[in-house]
Protein chains: 4
Amino acid sequence: MRAVVFQGKEQVAVGEVPPPSIQHPLDALVRVHLAGICGSDLHLYHGKIPLPPGSVLGHEFVGQVEAVGEGLVDLKPSDWVVGPFHVACGTCRYCRRGQFNLCERGGVYGYGPMFGNLQGAQAELLRVPFAQVNLRKLPPGLAPERALFAGDILSTAYGGLLNGRFQPGDRVAVIGAGPVGLMAVEAALALGASKVMVIDKVEERLRRAEALGAIPIHAERENPVRRARAETEDEGPDLVLEAVGGPATLALALEMVRPGGRVSAVGVDNAPTFPFPLASALVKDISFHIGLANVHRHIDSVLNLLASGKLQPERIVSHRLPLEEAPQGYALFDRKEALKVLLEVRR
Amino acid sequence: MRAVVFQGKEQVAVGEVPPPSIQHPLDALVRVHLAGICGSDLHLYHGKIPLPPGSVLGHEFVGQVEAVGEGLVDLKPSDWVVGPFHVACGTCRYCRRGQFNLCERGGVYGYGPMFGNLQGAQAELLRVPFAQVNLRKLPPGLAPERALFAGDILSTAYGGLLNGRFQPGDRVAVIGAGPVGLMAVEAALALGASKVMVIDKVEERLRRAEALGAIPIHAERENPVRRARAETEDEGPDLVLEAVGGPATLALALEMVRPGGRVSAVGVDNAPTFPFPLASALVKDISFHIGLANVHRHIDSVLNLLASGKLQPERIVSHRLPLEEAPQGYALFDRKEALKVLLEVRR
Amino acid sequence: MRAVVFQGKEQVAVGEVPPPSIQHPLDALVRVHLAGICGSDLHLYHGKIPLPPGSVLGHEFVGQVEAVGEGLVDLKPSDWVVGPFHVACGTCRYCRRGQFNLCERGGVYGYGPMFGNLQGAQAELLRVPFAQVNLRKLPPGLAPERALFAGDILSTAYGGLLNGRFQPGDRVAVIGAGPVGLMAVEAALALGASKVMVIDKVEERLRRAEALGAIPIHAERENPVRRARAETEDEGPDLVLEAVGGPATLALALEMVRPGGRVSAVGVDNAPTFPFPLASALVKDISFHIGLANVHRHIDSVLNLLASGKLQPERIVSHRLPLEEAPQGYALFDRKEALKVLLEVRR
Amino acid sequence: MRAVVFQGKEQVAVGEVPPPSIQHPLDALVRVHLAGICGSDLHLYHGKIPLPPGSVLGHEFVGQVEAVGEGLVDLKPSDWVVGPFHVACGTCRYCRRGQFNLCERGGVYGYGPMFGNLQGAQAELLRVPFAQVNLRKLPPGLAPERALFAGDILSTAYGGLLNGRFQPGDRVAVIGAGPVGLMAVEAALALGASKVMVIDKVEERLRRAEALGAIPIHAERENPVRRARAETEDEGPDLVLEAVGGPATLALALEMVRPGGRVSAVGVDNAPTFPFPLASALVKDISFHIGLANVHRHIDSVLNLLASGKLQPERIVSHRLPLEEAPQGYALFDRKEALKVLLEVRR
């Protein structure tokens, strides 16, 4: 089958690879229609995460069931499906607690040997283990292009808000107007935020956030802490979603949030530590959550909101390319000339 | 001062009454600008709740502080304020639990001797007891006409949804498209309902609900249970808000809700009992909440959402009349020729 | 294999039946060591629920895995296991919401064709479908006799308290001091109830509840509503758990609970309706939950509390009988001469 | 009146000071019967927090109302009362959210000009502002010695657990077996922890924790992380309560907690920052709360549990001294020769 193959640092190609097959009674094969290129694919692209050459990339997908193992009772061939980018078994002690992102048998598609050694989704066929847990049928009427977002960045943002114990009426600040940050803007407004501010340094991203309904704050042209306070009757946001990653933006989030407020960090960074403001946080009273996405927990609600049009994440798609042009897609996205690239695997 | 005075069954007049004064260190006097006529005022109007002739009516208001008792630290003359229709002391065991609607020293403005014997709000001046608890300053930029709704019907609907443990993504059915029902439509959509259905028998009300974003279901032209199931992949709504009151609509709510769903009843009725479907509810697994509004609990979030324009309840105002025309306002509203009447007390 | 077989109304026998086998990749076979006789088995015993003669009875069990289907990854032969009395698939829309008691593929062991047509657990071998969802390994050191209670009546009581949104410090009333009621007493005290009252009419049951730490209230010798108020500073309990079933005790629960309180009904009854006190509940503000047990949701916490000895439900066991004496066990239990009967299937 | 007076670093005396008076309609005067010496009093004792010589110390008290301002409706002379160590107005935006510890008009008794400039409680009379918010009547039958703990260290520990979203069945680790840590042990067990571990370096404190039901872990004689994992089926605690303060124990807490677990920090320290383990926490998924006690939020539940004997914090009292011996009490406590000192102000 055709697939996007990692060849080495900053080198991807579209080539022929052996197709996957059912290996376990709970496996399903999915015929991928659309696959996304995600910001986290760039970590692999840049060689920051070890990946053997020849590996298939990608973890965002939507498609149709091609074949099912004999243990599956919910799925049948031709069903339209989407799935979380991370895999969970559904039955280990973490899954039973609803913490699917910590599954003892988990992994990420196309993320190499450190993440479960699963083939990637930028391919004609994808093997999905524990498919009763890791696939969802599309609600009636939901367009595949929109549904794709439920499997990763939209659910990441949505879950980040809920990990920050979002409440209707909250005044929310989102740090970073990249794809995840824009998803957070859309989700916060859909869930009843009274105000959403977005902090970034790139004018164009801020304009996009503004178009979605956020108040743009340019972090270099004004003091974002002071501005956020001015927007909140001199308090600071109730909830800050950190969607960049790294010590500087975490420090900004903890400084910006109001006393008694909440900070939820979903931005990825590999700095071993950051200086948490101990004495001031003690007085200020802070709830802080940090962790990777737990997509399974939120995907059903997100799909409902997508089906009804309350969330329209496909508005950020800047490019739809045929699978064969995946190398160009990676290059465009890496140069930040594309906001969101979808690959048309089956046309 | 001028005030709307109850004279007897279906007789109201605008007349001169003695103005209130500060009686306790926590009292405030409010100069009323706008007062609403509420559906529950009609119970008094029709003589269903005992009220001595000469009593001042009304419990929806927005205005400015005129004078404050010496125990108050937050309020000062000329502050724009709105307050819940029911009064709470803030410190009894119920208030400490956040159950302000059950306050041991509570009452309702203009609702007579059974409800705390408080003067009504359709008057030039209103005495507000425990004013530190029972008044809120308007957020900057919030129009008085919009703010008024936070004190009663909007917060009633909002609280009804939360008592039904509303979750983002919920498919909500609202029974009754009167003023409270319309508020519930608006609130549910603002908080991230994926779908809102409204059941009523009056075509015009259904059209208004539809204009707010709801799916209208005419209870006499189609089977509302069947239709609601059809709209929810054959399940039934996750949450049903009953905003009419009485055995028939409660039975409908409990029949309509999906297994494992929630019913929240805010409609007022004085039937002593209704037949709760015991055996079927046991199998179905139902959460049921019934109670009057707890406005204090929700008013701050509601004011935030009003200030940011996420809620625009003033869209249902059909009539703004000078105080002197209150008798006509009552008559119009009673004949259902008005959807919402506001009285301009100070012009 | 040997099993307890229903022969007709009030007739059970121990006889030879064909052993079950693995029919699906997610099936497991369990070699039962102990099986309980449950109050709900008496409905079948009395012929109130249709059950074909020759059916194997029972749904409370603890034992060891005998064999596993090829789709199972967590379980292996000889593992000690316990499971909920009701079966869930783990992946339908209800299971995904955590509402396992409403599973679209659910059933109850030994409860006949209306409940999934599953063989009963009072047998040497039990087939468990979707075993990754419907079995739990025993924590280290947990005695089988204690663990058995996690699968039914203890988790029923525990879940009933949580459905009534139990809070630490709550003053709880339990209506009915049968096995489920006694479990509720133990669970409420373990979770930090400040006071637990138990209402019953049988002196001996009240003595047992008292021995567990409850305040006994004899419903015929004193007015239980008045007494409950006297025990709660003239308020009424914060939470009432109804563990009898039927209109009379539900009415008592709703009358007894304090304003703003919560009633959770787990008692089973087949009355089609009961008169819910509409007008008084509106003023009182009531949260009411009614439904059958959702054991899967609570079983892991319950097993932790059992393993640490914080819960010791085996204290209510009055009889341990060899499997062959099951007929005597049923008769004793039916005559209320036994509080809890365990059958020793494997000795 | 007689009072404990700060005279300078490590110098306290009992002397005569002017008695307080009612200054505002919401003030009450309390005749103190018992006052506690708290660990946080030692910060003042050692001169780490600026306090003018001549100031009255202390913030733990129980006593009887002596006089009330005219705005108070709940309290009357001779009522037995206890109150939080920190004062709140009850009506600012933080108090309305239930975040009384962040009150815009707040302060701490006897903590000097940086904390509201309120006189201390180790005195015959104490002025309590906003007394309707800052005093609670003792439930019937509750001994003053036990009630005193509700106002500070017990509610601090209890609230710390709830800030760590304590769930029944949790396996809890408490870092530090000082007075707050011991309170946390008692509270966690009362609320249904399945296991409580305590980490300290002082053998005697560990013995006390063990006597309360905890598993003692000596941080210098074994590896506490490894031991905690061994006690939790190789996971780590679900919830870690940090009750020491400072970078080392916070690092230990974050390392020890299981993936997906929660850390709640109540220990006080003035280090400006500590190194938060960013990369590992991202993978591990951590909820972290840090803040000072919010006593008002929990005191009613705590008083219920004290009145019923479910909590018996007075077991840690090592010394009851007459007021005149306060200087010895401070010295004993400072040398860690006393675990908890109560001063008998009125005998």
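The sequence lines fix the lettering, A, B, ..., with proteins before strands; numbering per chain opens at 1.
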Exercise for the section: Using atom types as modelled and distance alone, determine if a side-chain donor or acceptor of A/S155 lies under 3.5 Å from a backbone N or O of A/D152. Expected result: no
Completion exercise
Heavy-atom nearest pair, A/I199 first then A/A219, reads CG2-CB, 3.7 Å
Practice task
Return the orientation label for the D/H59 and D/F85 ring planes: parallel under 30°, perpendicular over 60°, tilted otherwise.
Solution key: tilted
Handout entry: Part of residues 106-118 of chain D lying next to chain A, heavy-atom separation under 4.5 Å
Key = none
Practice task
Take atom CZ of D/R97 as the centre, draw a 6.0 Å sphere, and report whether it contains more than 12 heavy atoms from other residues, nucleotides or ligands.
Solution key: yes
Practice task
Could you tell me which non-hydrogen atom of D/L182 sits nearest to which non-hydrogen atom of D/A177, and how far apart they are?
Solution key: CG-O, 3.5 Å
Practice task
To the nearest 0.5 Å, tell me how far A/I286 CD1 sits from D/I290 CD1.
Solution key: 9.0 Å
Practice task
Evaluate the criterion side-chain contact (heavy atoms from CB on, under 4.5 Å) for residue pair D/V302 and D/V295; output intermediate values, then yes/no.
Solution key: CA-CA 10 Å; D/V302 166; D/V295 174; over 6 Å; no
Problem - Residues in residues 88-95 of chain D that sit under 4.5 Å from chain A, counting heavy atoms only - result: D/R93, D/Y94
Completion exercise
Nearest heavy-atom contact between D/A193 and D/V172 is CB-CG2, 4.1 Å
Problem - Any donor-acceptor pair under 3.5 Å from D/N270 side chain to A/A279 backbone - result: no
Practice task
Sort A/N101 into side chain, backbone, both or neither according to what part of it lies under 4.5 angstrom from a heavy atom of chain D.
Solution key: side chain
Practice task
Output the distance between atom CZ (D/F288) and atom CZ (D/F276), rounded to the nearest 0.5 Å.
Solution key: 6.0 Å
Handout entry: Closest-packed option against chain D by number of heavy-atom pairs under 4.5 Å, given A/P277, A/S287, A/P272, A/P275
Key = A/P272
Problem - Heavy-atom contacts under 4.5 Å, residues 234-266 of chain D to chain A - result: D/D234, D/E235, D/D238, D/G246, D/P247, D/L250, D/R258, D/P259, D/G260
Completion exercise
Of all heavy-atom pairs linking D/A228 and D/M197, the shortest is CA-SD, 3.9 Å
Practice task
Quick one: do A/S301 and A/Y158 satisfy side-chain contact (heavy atoms from CB on, under 4.5 Å)? Show the steps, please.
Solution key: CA-CA 10 Å; A/S301 297; A/Y158 187 95; 3.6 Å; yes
Fill in the blank from the handout: Taken in chain and number order and not counting sequence neighbours, the residues that satisfy ring-ring contact (aromatic ring centres under 6.0 Å, His included) with D/H86 are D/H296
Fill in the blank from the handout: Of the listed A/L292, A/N163, A/N294, A/T273, the one with the largest count of heavy-atom pairs under 4.5 Å with chain D is A/T273
Practice task
Verify, without hydrogens or angle tests, whether D/D269 (side chain) and D/A271 (backbone) share a donor-acceptor contact under 3.5 angstrom.
Solution key: yes
Handout entry: Proximal component of A/L102, with respect to chain D [non-hydrogen, under 4.5 Å]
Key = side chain
Handout entry: Atom pair CZ/CZ of D/R297 and D/F100 - distance to nearest 0.5 Å
Key = 8.0 Å
